[in-house]
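Counting starts at 1 for both ligands and their atoms, in listed order. Worth knowing before you read on, the calculation uses all heavy atoms, side chains too, and leaves out hydrogens, waters and symmetry mates.
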Amino acid sequence: MKIDHIAIVVKDLDQALDLYTKTLGFRIVYRETIADQSVEAVGLEAGDSIIELLRPLAEDSPIAKFRGDAATKLHHTAYRVDDLQGELQKLKDRGVRLIDEAPRKGAHGNLIAFLHPESTGGVLIELCQKR
Ligand code: ZN
């Protein structure tokens, strides 16, 4: 598995983008709203991987509550797989608790599924399959 993206939830997206593009020199690959996760996502190119900045669309959403008062907070790491449904079944068979039993649509046209942090040492892990 390769790192597909690292997602960071931010309070002020414009300020975060200034840092990541103007100061750090990353290039924007995509910017879109993911309605079912209630976020605006901006993908920044980092070699073969993406740094994804997430801005909650509502301050009472779970992701905004996760960020709390922090300006930015690491939200999840996402690993790229070729067969998402097959990987989910394998992990389930190994006793891993899944948030998503079946793949769903993520940012940038990817299929994604989250594993439960309870099964992954507290870190939210996403598996991601390119379309
Ligand atoms: Zn993600």
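Not counting sequence neighbours, the partners of D100 by the side-chain contact (heavy atoms from CB on, under 4.5 Å) test are R104, A113, F114. Residues meeting the ring-ring contact (aromatic ring centres under 6.0 Å, His included) test with Y79, sequence neighbours left out: none. For P62, there are no side-chain contact (heavy atoms from CB on, under 4.5 Å) partners at least two apart in sequence or on another chain.
With a 6.0 Å radius and a threshold of 12 heavy atoms from other residues, nucleotides or ligands, D93 has its CG atom above the threshold. Atom CD of Q15 is surrounded by 12 or fewer heavy atoms from other residues, nucleotides or ligands within 6.0 Å.
Comment: E59 engages R67 in a salt bridge, judged by a side-chain N to carboxylate O separation of less than 4.0 angstrom.
Ordered by chain and number, H5 NE2, H76 NE2, E126 OE1 make up the set of protein N, O or S atoms under 2.8 Å of the Zn ion (ligand 1).
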